[in-house]
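Here the structure is a predicted model, which means the values were calculated and not measured.
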Amino acid sequence: MKTRIFTSIICTVVLLSPCFAQTPGEGWTRTEIGKGLTYYSFSGYDSISDANQIVNVIDLDLSCRKYKVEFCYQRPDEITSKVMKEKNAVAMINAGYEPQSIVIEIDGQMISNIPNNFIFDSYVPNWKSEGAVYTDGRRNVDVEFSCRGMKDLDEIRAFYAADKRRYTISSAPMLIDNFELVGTTFADSDVEITKLAYEDPRRHQGVRHPRTAVAKTADNHFLMIVVDGRRKGISEGMSAKELTLFLARNFAPQYALNLDGGGSTTMCVEGQGDPETHVVNYPTDNGKFSHDGERHITTHIYVKRK
């Protein structure tokens, strides 16, 4: 009951006050990477998840003419720090789920439009494209609940095929839609979620994992977010609901979208973190608490100087 009341209060405040929390408060450090580009880092106890967390956020003022936002796709898969160096990026995060499950469009070329009806070789219907992040490769970025209410995959595919924007990466779940905290109910279930198939969206998003997300504020700031996880007592990770509430409290974005997480979650920031790779978080693929556990992945979102 306490959780429901707290969620209701958060929803009401955010809906009534779009500027409720433009920047995070206690427990955060703030570093100016350049004019219009800010790096935030949090490490410590988070009351929403009632656990210790490590969170890193890049905040780009899209009105700043010094930077642009681009997406990239690479085959074979590559680690984030290497792609960052190749792209001469200032900041970069991992992006989409496996290409078989999502939409990937780069510079007008449709690379993938949800080719699989099911997640991997499971019998779980594909659920990973209800929202998307878009860019024109310059300063225009949108985070949208593009297929809200659509259940038919062919309808979803048709929507993305008809969309004229040149850069698209679809994902799920949508966390915040025009200040509505839709991510708090995405994984609602009447059954024990640990008994569900791993790729079932209720289990996949209802338990704690490392998380990657993007968001956009009402005053035209683009946020790239990573939450570490799988480190008991250090960084527990978050469920989709916890991430939704965490973003609402600390940044109050108008829109937010969850991206691929788990072992894929990685952020690199120029001049921060590891002195060679610039990885600022603690990827988990090596099973160690270090910056070295990067996973080879397919898509990235990054900020670059013009």
Side-chain angles (χ1 to χ4, degrees), residues 3 6-7 10 24 27-29 40-58 80 93-98 119 127-128 171-176 181-189 192-215 223-251 253 256-269 273 279-295 297 301:
T3 300
F6 179 68
T7 301
I10 287 284
W28 291 83
T29 62
Y40 294 101
S41 180
F42 174 86
S43 179
Y45 175 75
D46 164 55
S47 61
I48 286 177
S49 58
D50 189 24
N52 287 336
Q53 303 289 355
I54 297 175
V55 183
N56 292 279
V57 178
I58 280 290
T80 304
I93 57 170
N94 68 292
Y97 293 106
E98 63 280 357
I119 305 297
W127 53 268
K128 293 184 176 180
S171 196
M174 196 74 184
L175 303 176
I176 301 174
L181 307 189
V182 293
T184 61
T185 58
F186 181 86
D188 279 355
S189 176
E192 176 57 51
I193 59 175
T194 57
K195 295 181 180 179
L196 299 170
Y198 181 80
E199 291 292 343
D200 187 296
R202 294 166 294 178
R203 176 174 178 175
H204 200 276
Q205 298 299 316
V207 299
R208 289 178 173 173
H209 287 296
R211 296 280 169 184
T212 302
V214 289
L223 308 178
M224 304 193 301
I225 306 109
V226 297
V227 179
D228 280 330
R230 302 174 181 168
R231 312 291 186 192
K232 188 171 180 59
I234 300 173
S235 185
E236 302 279 354
M238 296 185 188
S239 66
K241 179 177 182 177
E242 289 167 340
L243 180 56
T244 300
L245 295 172
F246 182 88
L247 292 176
R249 184 181 68 183
N250 288 286
F251 294 93
L257 176 67
N258 181 76
L259 299 177
D260 188 21
S264 298
T265 290
T266 310
M267 175 183 283
C268 297
V269 182
V279 175
V280 297
N281 72 310
Y282 298 91
T284 63
D285 254 23
N286 64 350
K288 300 177 182 179
F289 186 59
S290 71
H291 297 301
D292 302 325
E294 294 183 77
R295 174 178 291 178
I297 50 183
I301 299 173

task: With side-chain contact (heavy atoms from CB on, under 4.5 Å) as the test, would you mind laying out the steps for Thr266 and Arg295 before giving the verdict?
output: CA-CA 8 Å; Thr266 310; Arg295 174 178 291 178; 5.9 Å; no
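- In this structure Glu242 satisfies the salt bridge (charged side-chain N to carboxylate O under 4.0 Å, His left out) test together with Arg208, sequence neighbours excluded.
- Minimum heavy-atom separation, Pro173 to Leu257: O-CD1, 3.7 Å.
- The aromatic rings of Trp127 and His204 sit perpendicular to each other, their planes meeting at more than 60°, with 30° as the lower class boundary.
- Here the side chains of Phe246 and Ser49 are not in contact, with every heavy-atom distance at 4.5 Å or above.
- Listed for the Asn250 side chain is no donor-acceptor partner under 3.5 Å among the backbone atoms of Pro24.
- To the nearest 0.5 Å, the span separating CG on Asp285 from CD on Glu294 amounts to 10.0 Å.
- Side-chain atoms of Gln53 come within 3.5 Å of backbone atoms of Gly237 as a donor-acceptor pair (strictly under, hydrogens ignored).
- For the atom pair Asp260 CG and Lys128 NZ, the distance stands at 7.0 Å (nearest 0.5 Å).
- A side-chain donor-acceptor contact under 3.5 Å links His291 to the backbone of Asn281.
- We find that Asp46 and Arg249 are joined by a salt bridge, their nearest charged nitrogen and carboxylate oxygen being less than 4.0 Å apart.
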- prompt: How far apart are the C-alpha atoms of Val227 and Thr265, what are their side-chain angles, what is the distance that settles it, and do they pass the side-chain contact (heavy atoms from CB on, under 4.5 Å) test?
  reply: CA-CA 8 Å; Val227 179; Thr265 290; over 6 Å; no
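- By the side chain to side chain contact (heavy atoms under 4.5 Å, CB included) test, Ala256 pairs with Leu175, Ile176, Ala215, Leu247, Pro253, sequence neighbours left out.
- Proximity of Val55 to Arg211: side-chain heavy atoms (C-beta onward) are nowhere separated by under 4.5 Å.
- Within the 3.5 Å criterion, the main-chain N or O of Ser189 finds no donor-acceptor partner in the side chain of Arg202.
- Nearest heavy atoms, Ser239 versus Gly206: CB-O, 3.8 Å.
- In plain terms, the two heavy atoms of Ile119 and Glu98 that are nearest each other are CG2-OE2, 3.9 Å.
- Once rounded to the nearest 0.5 Å, the distance linking CG of Leu259 with CD1 of Ile93 reads 5.5 Å.
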task: Take Phe186 and Thr244 through the test side-chain contact (heavy atoms from CB on, under 4.5 Å) and record every step on the way to the result.
output: CA-CA 10 Å; Phe186 181 86; Thr244 300; over 6 Å; no
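- Going from atom OG of Ser43 over to atom CD1 of Ile234 covers 9.0 Å, rounded to the nearest 0.5 Å.
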- request: Please lay out, stage by stage, how Ser41 and Val280 fare under the test side-chain contact (heavy atoms from CB on, under 4.5 Å).
  value: CA-CA 9 Å; Ser41 180; Val280 297; over 6 Å; no
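- Considering CZ of Phe42 and CG of Asp228, their distance stands at 12.5 Å, rounded to 0.5 Å.
- Taking every heavy atom of both residues into account, Ala51 and Tyr45 meet most closely at N-CE1, 3.6 Å.
- Shortest non-hydrogen contact noted between Leu181 and Thr184 is O-OG1, 2.8 Å.
- Distance check, rounded to the nearest 0.5 Å: NZ of Lys288 to CZ of Arg231 gives 11.0 Å.
- Side-chain atoms of Thr212 and Asn94 include a donor-acceptor pair closer than 3.5 Å.
- Arg230 and Thr284 make their closest contact through NH1-OG1, 3.7 Å (heavy atoms, listed as atom of the first residue, atom of the second, distance).
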